[in-house]
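See below for the structure under consideration.
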Amino acid sequence: MNKKFLAIIPARKGSIRLPNKNNKKIGNFSLVELAIKAAKKSKLIDEIIVSSDDQKVFKTANKFSDIKIIKRPFKLSNSKAKMADVCNHALKKINKKFEYLVLLQPTSPLRNHYHIDKAIKKILKNSAEGLISASRTNIIYKNYYYIKNGFLCKNFNKKSSNTKKIQLNGAIYIIKTKLLTKRKSFFIRGKILPFLMPKKLSLDIDYLTDLNKARKIIKRDKSASNR
């Protein structure tokens, strides 16, 4: 396979709603370490980068000899920084050519290497420009998404419709690096495939309640597998 996939794990220090979020643990591993371990188990990712301004995150990443660390500047380390800009900064720093970038946020600890590889295989099979993970939803969001001709579309209409609604879950973003550099966005209408995941695995950690829920799910699943 001549496609080159670069995984970027973004883990900035600041977090208002859940302080020190990326270093919070589920079991024996922090959120950032779970993301690294999932990326490393992937059979299709060629290289892994951790982008951060957090010394604790650097310490965790240094446990793995083949993980490259990119120190994020102050202007890209606040809540207003765009993830596309963070990723483009990392791409410039490594000075290597990759066809695709795979964004793996630590706040999706229920995503694993199986999901990553399945998503990559889908994008290769369809020769697509990009892919974003999502889950079905019955809630009417202001900016919910739907699928049209196999690709993600954004709906700006608040009113309910018969269209099956989906919600981006933040677990996996894949895009051609050239497109990300040019458009500075992970979403381009009519070019991005959906990768549907179960609602249970689509937990995105923003609050302590989310973290505790993830802990319970993982603990329960481990208990079930040991029976």
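Being a predicted model, the structure only gives us computed values, none of them experimental.
Between the NZ atom in Lys37 and the OG atom in Ser30 there is a gap of 10.5 Å [rounded to 0.5 Å]. Atoms CD1 and CG, from Ile217 and Leu201 in turn, are 7.5 Å apart once rounded to the nearest 0.5 Å. We find the NZ-CG distance between Lys21 and Leu211 to be 10.5 Å, quoted to the nearest 0.5 Å. Remark: Lys178 NZ to Phe98 CZ distance equals 14.5 Å, nearest 0.5 Å. Taking CG of Leu104 as the start and CD1 of Ile49 as the end, the distance is 12.0 Å to the nearest 0.5 Å. How far NZ of Lys176 is from OG of Ser127: 7.5 Å, rounded to the nearest 0.5 Å.
In this structure the side chain of Leu44 never reaches within 4.5 angstrom of the side chain of Ile116, judged on heavy atoms. Inter-residue side-chain proximity for Ile94 and Leu6 is flagged as met; some heavy-atom pair is nearer than 4.5 Å. Counting heavy atoms from C-beta outward, Ile166 and Leu152 have side chains that approach closer than 4.5 Å. Lys41 places none of its side-chain heavy atoms less than 4.5 Å from the side chain of Tyr114. The shortest side-chain heavy-atom distance between Asn88 and Leu180 falls under the 4.5 Å cut-off. Side chains of Arg136 and Leu196 form a contact here, defined as non-hydrogen atoms less than 4.5 Å apart. Counting only heavy atoms from C-beta outward, the side chains of Lys122 and Ile174 never approach each other to under 4.5 Å. Considering only heavy atoms from C-beta on, Lys96 stays 4.5 Å or farther from Lys4 through its side chain.
Comment: Lys75 does not engage Asp85 in a salt bridge, judged by the lack of any side-chain N to carboxylate O separation of less than 4.0 angstrom. A salt bridge is absent between Asp117 and Lys43: the closest approach of a Lys/Arg side-chain nitrogen to an acidic carboxylate oxygen does not fall below 4.0 angstrom.
The two residues Phe151 and Lys191 make their nearest non-hydrogen contact at CD2-C, 3.6 Å. Residues Arg111 and Ala171 share a closest heavy-atom pair of NH1-O, 2.8 Å. Shortest non-hydrogen contact noted between Ile192 and Phe186 is CD1-O, 3.5 Å. Nearest heavy atoms, Ala61 versus Val50: CB-CG2, 4.2 Å. Heavy-atom minimum distance, Tyr207 versus Arg17: OH-CD, 3.2 Å. Closest heavy-atom contact between Lys200 and Leu110: O-CD1, 3.3 Å.
Gln105 places a side-chain N or O within 3.5 Å of a backbone atom of Gly170 that can act as its donor or acceptor partner. With hydrogens and angles disregarded, no donor-acceptor distance shorter than 3.5 Å links the side chain of Lys13 to the backbone of Val57. A distance-only check finds no donor-acceptor pair linking the side chain of Ser77 to the backbone of Arg12 [under 3.5 Å]. Within the 3.5 Å criterion, the main-chain N or O of Pro10 finds no donor-acceptor partner in the side chain of Arg72. Between the side chain of Ser42 and the backbone N or O of Ala38, no donor-acceptor pair lies under 3.5 Å. Of the possible donor and acceptor atoms, none in the side chain of Arg183 sits under 3.5 Å from a partner among the backbone N and O of Ser185.
Paired with Phe5 under the rule side chain to side chain contact (heavy atoms under 4.5 Å, CB included), one option of Ile123, Ile48, Thr177 passes, and it is Ile123. For the pairing with Ile9, the side chain to side chain contact (heavy atoms under 4.5 Å, CB included) check across Val102, Leu31, Asn22, Ile36 returns one residue only, Ile36.
Between His115 and Phe195, the ring planes are perpendicular. Angles over 60° get that label, and only those under 30° would be called parallel.
Remark: the Asn23 side chain and the Asp54 side chain contain an N/O donor-acceptor pair separated by less than 3.5 Å. Looking only at atom types and distance, the side chain of Thr107 has a donor-acceptor partner in the side chain of Asp204 under 3.5 Å away. A side-chain N or O of Lys199 and one of Gln167 form a donor-acceptor pair less than 3.5 Å apart.
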- request: In sequence, state the C-alpha distance, the side-chain angles, and the governing distance for Ile188 and Ile175, and then conclude on side chain to side chain contact (heavy atoms under 4.5 Å, CB included).
  value: CA-CA 10 Å; Ile188 296 94; Ile175 194 165; 3.8 Å; yes
field: Verdict with reasoning, Leu124 to Lys121, per side chain to side chain contact (heavy atoms under 4.5 Å, CB included)
entry: CA-CA 5 Å; Leu124 290 175; Lys121 287 176 182 178; 5.7 Å; no
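Residues passing the side-chain contact (heavy atoms from CB on, under 4.5 Å) test with Lys93, sequence neighbours excluded: Ile70, His89.
Residues Ile69 and Leu34 are members of separate hydrophobic clusters, defined by side-chain heavy-atom contacts under 4.5 angstrom among Ile, Leu, Val, Met, Phe, Trp and Tyr. Cluster annotation: Phe29 and Ile205 are assigned to the same hydrophobic cluster (Ile/Leu/Val/Met/Phe/Trp/Tyr, side-chain heavy-atom contacts under 4.5 Å, transitive). Grouping the Ile, Leu, Val, Met, Phe, Trp and Tyr side chains by contacts below 4.5 angstrom, directly or via other members, places Leu203 with Leu208.
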